[in-house]
Amino acid sequence: QVQVVESGGGLVQAGGSLRLSCAASGSIFSTNRMGWYRQASGKQRELVATITSGGSENYADSVKGRFTISRDNAKNSVYLQMNSLKPEDTAVYYCNADVLGASGNYYNRYWGQGTQVTVSS
């Protein structure tokens, strides 16, 4: 089994910063793409940023220049540094990871439970 756990959410004032962390654990041979998504109340889940095992990054236009995604392959972990936060960044942030299990032949996508980020104006 594979578990994905996020941490680092909280309440911050507009203009502030937060750093989210996410770790995949369990029966893992390797991880490929990892990413962050968010879902604001009453809205659909949307992509925030993704990063491949080779380090290629992709960002939503709304966060470019403010958020930075990074990863530690040895720890099967991904991070999201969020700067210049805005009230519209308020959402539950979810991490996902494409994982090749120790006994598997293909990658499965696993999701975390989410962490709340609230930005006050």
Side-chain angles (χ1 to χ4, degrees):
Q1 275 290 2
V2 174
Q3 298 80 41
V4 176
V5 179
E6 306 99 335
S7 61
L11 173 65
V12 64
Q13 288 188 333
S17 299
L18 280 175
R19 186 173 188 254
L20 304 183
S21 299
C22 170
S25 62
S27 181
I28 298 173
F29 181 76
S30 68
T31 55
N32 193 0
R33 178 182 171 278
M34 301 183 78
W36 290 95
Y37 289 69
R38 66 186 181 187
Q39 187 167 17
S41 181
K43 296 187 177 181
Q44 289 189 333
R45 191 173 298 189
E46 63 177 5
L47 179 146
V48 176
T50 62
I51 185 169
T52 66
S53 57
S56 295
E57 303 168 23
N58 179 53
Y59 295 94
D61 288 343
S62 59
V63 306
K64 282 181 180 177
R66 300 188 298 122
F67 292 10
T68 302
I69 191 170
S70 60
R71 65 185 287 165
D72 184 333
N73 290 333
K75 296 181 179 180
N76 294 316
S77 295
V78 64
Y79 310 96
L80 187 68
Q81 178 65 43
M82 305 185 293
N83 299 329
S84 302
L85 282 160
K86 304 175 182 180
E88 50 263 44
D89 294 317
T90 295
V92 178
Y93 283 69
Y94 297 90
C95 170
N96 70 16
D98 292 342
V99 174
L100 181 65
S103 59
N105 296 315
Y106 49 86
Y107 285 88
N108 285 306
R109 180 162 293 176
Y110 295 89
W111 289 85
Q113 293 298 307
T115 185
Q116 176 71 46
V117 172
T118 302
V119 184
S120 63
S121 56

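It should be emphasised that the depicted structure is a prediction, and the values quoted were computed from it without experimental measurement. The first residue of the sequence shown is numbered 1, and numbering continues consecutively from there.
If you check the side chains of Tyr107 and Thr31, you find no donor sitting under 3.5 Å from an acceptor. A side-chain donor from one of Glu57 and Tyr59 sits under 3.5 Å from a side-chain acceptor of the other.
Using a 4.0 Å cut-off between charged side-chain N and carboxylate O, Lys86 and Asp89 make no salt bridge.
Here Ser30 contributes atom OG and Leu100 contributes atom CG; the two are 4.5 Å apart, rounded to the nearest 0.5 Å. Taking CD of Gln3 as the reference point, atom CD of Gln113 lies at 11.0 Å (rounded to 0.5 Å). Summarising the geometry, atom CD1 belonging to Ile51 is positioned 10.0 Å from atom OG1 belonging to Thr68; distances are rounded to the nearest 0.5 Å. Ile69 contributes atom CD1, which lies 8.0 Å from atom CH2 of Trp36 (distance to the nearest 0.5 angstrom).
No side-chain donor-acceptor contact under 3.5 Å links Ser53 to the backbone of Asn32.
By the ring pair (Phe, Tyr, Trp, His ring centres under 6.0 Å) test, Tyr37 is found to be paired with Trp111, residues two or more places apart in sequence or in another chain being considered.
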Donor-acceptor contacts under 3.5 Å from residues 15-25 side chains, at least two apart:
from	atom 1	to	atom 2	distance (Å)
Ser17	OG	Asn83	OD1	2.9

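Side-chain contact between Tyr110 and Asn96 is absent, with no heavy-atom pair separated by less than 4.5 Å. No side-chain heavy atom of Arg38 sits less than 4.5 Å from a side-chain heavy atom of Tyr94.
Geometrically, Arg71 does not engage Tyr79 in a cation-pi contact, judged by NZ or CZ lying under 6.0 Å from the ring centre and within 45° of the ring axis.
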